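Computed from a predicted structure; not experimentally measured.
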Amino acid sequence: MRATIGHLVKVIWSRPWVRFFFYGFMGLWAIAADPFRISSATDRAIGEQYSQFYSRTTPVGNPPVTVVIIDRESIDGLFNGGRGKLSVGDWPIAYSDHAAILTQIAKGKPYPPVGIFYDILFEKPRLSSGRLELLNRRVELIQRTTGIPVFFAAGGPDMPLSRETLSILSSPSLVRTNWHQPAGTYPLVFSAESNWNASQFSSTANFSMEKLSPAISVYETYCSKSDSCEMPKGDEGFFRNSLKIQWPMASEGVEGDSDSECLPRSNIARYIEVLQRIIKTTSEALFNTDGPALAPTECLPIHVVQASDLFSDIVPATLLPPGFESGEPYVVMVGVVMPSAGDYHRTPVYGKLPGVFFHAAAFENLHRMGRDYYYHKDLTWLSLSLWFVAAFAMMCHAKYRRSHPITKPIPVFLGWWVLLIGTVLTLHAVLTHVFRIVPEGWLSMVAILPLLREVVMRHEAGLFDRKEKNK
């Protein structure tokens, strides 16, 4: 019985199509199934390196967004020992203070924004902060008198707003700010099955924009007032979770410091700096030395205004981003910048940044989409196609070797290696520099394609009863 089964296996294995599908299944398991997280880890590492490379070789200008930060310095300055603009001198500030900040943004400055996103989660009403109804009425007044839409953070499944808050906040549009996504991924549109349907708690809360994340919500508002923006066309699903944050750097220098440069002025110097960073990164991995330094947050090309500067009578702050003409549309995002708030995200270029900058960077990426934004796309199907082609070519090569023994195995082995790796890298370069696509599920082929040759050659050599020295 055992001999019969062994003979049957040999007969089946002698069929070329059986062996071809076996080699193909190996690729399907190694690439699509993501064993040991090899493919996903490769994609994540390559994505971060592309973000570093792109940021340091392609500087960008200021996008039409201003970030207003509520930090410790602003609170201390505005409270001023009880004699200032704020009613409390610590975080969290009172609802009346939030209303005052919103009023200064919408009415207190010339050339107000066309939209406001307030990235502060009012999870549930706090008696110590006053009446939340006051803030809701102020938002209603701002929207009615100025026409500026106001968006509030609504949390998500892990951090939902309470029923009391939902019943009170009927004026601002509530947008989801909590989700489960890989680091650096910004979901623009939430699918119906994963959408947080918080409107079940209250019929008065405004959830007309609940399927959209903050960045695309305010970007839609910006596009309704601008003739120069490219709003994503077509099915919303095409953009669902497709935005990978690319952290930009300022084109020239740190704002307010003409002697400080974020990037070298010449392209050659920028590429030399990237090469030096690669060397430092390699040295850090091999010899545990200091790695390349992170970029200072001042190099982020986003106009930042402290909340205290909104109320300044001496040197009033302007919300209009640098380089913009009066009357040009822009949006404002407001967020708290304090370690105690816990809203920080790791970035490959600047280290940890407050969450409001995450939304602002997503808005900046949307503003560049269609020009010099690099799209991250899952090209696992292309990897599998190349794998099947390579398996077929290697099977043909093994059959050819039956009648044409190799006299110089080392050059042949190196030739195969260069061909395989060169093909993967060439296609990668074409996708990146021609089509502006950063492929995912692709570069892991560099590691496993040479292994395919060894597997195919060994199995085919055993089938044809050839010795290992003829490789």
Side-chain angles (χ1 to χ4, degrees), residues 60-71 73-75 77-80 84-86 93 95-120 134-135 137-152 171-173 214-215 217-229 250-252 254-258 298 300-337 356-357 359-360 363-364 366-367:
V60 299
N62 287 289
V65 58
T66 295
V67 172
V68 175
I69 59 173
I70 304 174
D71 56 0
E73 183 179 350
S74 294
I75 293 178
L78 289 175
F79 182 64
N80 192 23
K85 304 289 186 179
L86 296 187
I93 58 178
Y95 297 128
S96 59
D97 298 331
H98 289 292
I101 292 174
L102 278 170
T103 302
Q104 281 297 108
I105 294 174
K107 295 184 175 182
K109 301 295 177 184
Y111 316 116
V114 297
I116 302 172
F117 168 54
Y118 212 72
D119 186 25
I120 296 174
L134 184 149
L135 178 59
R137 289 196 299 269
R138 184 64 57 86
V139 172
E140 181 184 8
L141 178 63
I142 289 173
Q143 294 185 134
R144 187 177 69 250
T145 58
T146 66
I148 301 174
V150 180
F151 303 89
F152 272 20
S171 297
S173 295
S217 297
V218 293
Y219 189 68
E220 278 192 342
T221 302
Y222 166 77
C223 287
S224 66
K225 303 293 184 179
S226 174
D227 298 329
S228 60
C229 91
S251 55
E252 292 185 357
V254 176
E255 184 178 350
D257 186 356
S258 59
E298 292 82 2
L300 191 64
I302 293 176
H303 185 42
V304 179
V305 175
Q306 287 184 301
S308 56
D309 292 336
L310 295 175
F311 299 86
S312 175
D313 296 327
I314 301 175
V315 184
T318 174
L319 292 173
L320 193 68
F324 280 61
E325 299 292 336
S326 57
E328 287 191 64
Y330 69 98
V331 300
V332 167
M333 296 184 177
V334 185
V336 59
V337 179
V356 65
F357 289 98
H359 300 296
F363 180 94
E364 190 275 340
L366 283 169
H367 187 60

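Side chains of Met333 and Ile116 form no contact here, defined as non-hydrogen atoms less than 4.5 Å apart. Between Leu320 and Tyr330, some side-chain heavy-atom pair lies under the 4.5 Å cut-off. Side chains of Lys107 and Leu141 form a contact here, defined as non-hydrogen atoms less than 4.5 Å apart. Inter-residue side-chain proximity for Phe117 and Val334 is flagged as unmet; no heavy-atom pair is nearer than 4.5 Å. Within the 4.5 Å cutoff, no side-chain heavy atoms of Tyr111 are placed close to those of Thr318. For the pair Leu319/Val68, a side-chain contact is recorded, criterion being any heavy-atom separation below 4.5 Å from C-beta on.
Rounding to the nearest 0.5 angstrom, the gap separating the CG atom in Leu135 from the CD1 atom in Ile120 is 9.5 Å. Summarising the geometry, atom CG belonging to Asp97 is positioned 11.5 Å from atom CG belonging to Leu102; distances are rounded to the nearest 0.5 Å. To the nearest 0.5 Å, atom CD1 of residue Ile75 and atom CG of residue Asn80 are 14.0 Å apart. For the atom pair OG1 (Thr66) and CD1 (Ile302), the distance works out to 9.5 Å, reported to the nearest 0.5 Å. Rounding to the nearest 0.5 Å gives a distance of 8.5 Å between CG of Leu78 and CD1 of Ile93. Note that CD of Gln104 is 11.5 Å distant from CG of Asp309, once rounded to the nearest 0.5 Å.
For Lys85 and Ser308, the side-chain atoms include no donor-acceptor pair closer than 3.5 Å. Judged by distance alone, the side chains of Thr103 and Arg138 do bring a donor and an acceptor atom under 3.5 Å apart. Asp71 and Ser74 share a donor-acceptor pair across their side chains, judged by distance under 3.5 Å alone.
In terms of modelled atom types and a separation under 3.5 Å, the side chain of Glu220 and the main chain of Ser217 share no donor-acceptor contact. Remark: the backbone N or O of Ile70 is not paired with any side-chain donor or acceptor of Gln306 at under 3.5 angstrom. With Ser226 contributing its side chain and Tyr222 its backbone, the two residues share no donor-acceptor pair below 3.5 Å. Between the side chain of Gln143 and the main chain of Pro149, no donor-acceptor pair closer than 3.5 Å is present.
Ring centers of Tyr219 and Phe363: under 6.0 Å apart, within the cut-off. Aromatic ring centres of Phe324 and His303: separated by at least 6.0 Å. Between Tyr118 and His98, a ring centre-to-centre spacing shorter than 6.0 Å is recorded.
Closest approach of Ser171 to Val139, counting heavy atoms only: CB-CG1, 4.0 Å. The heavy-atom pair separating Ala215 from His359 by the smallest distance is CB-O, 3.8 Å. Minimum interatomic distance between Pro112 and Ile105 (heavy atoms only, all atoms of both residues): CB-O, 4.1 Å. Nearest heavy-atom pair, Val305 versus Leu310, reported as atom, atom and distance to 0.1 Å: CG1-CD2, 4.1 Å. When all heavy atoms are compared, the tightest approach of Pro301 to Pro63 is O-CD, 2.7 Å. Of all heavy-atom pairs between Gly323 and Glu328, the closest is O-OE2, 4.5 Å.
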**Prompt:** Please walk me through it: do Asp119 and Phe151 pass side chain to side chain contact (heavy atoms under 4.5 Å, CB included)?
**Reply:** CA-CA 8 Å; Asp119 186 25; Phe151 303 89; over 6 Å; no
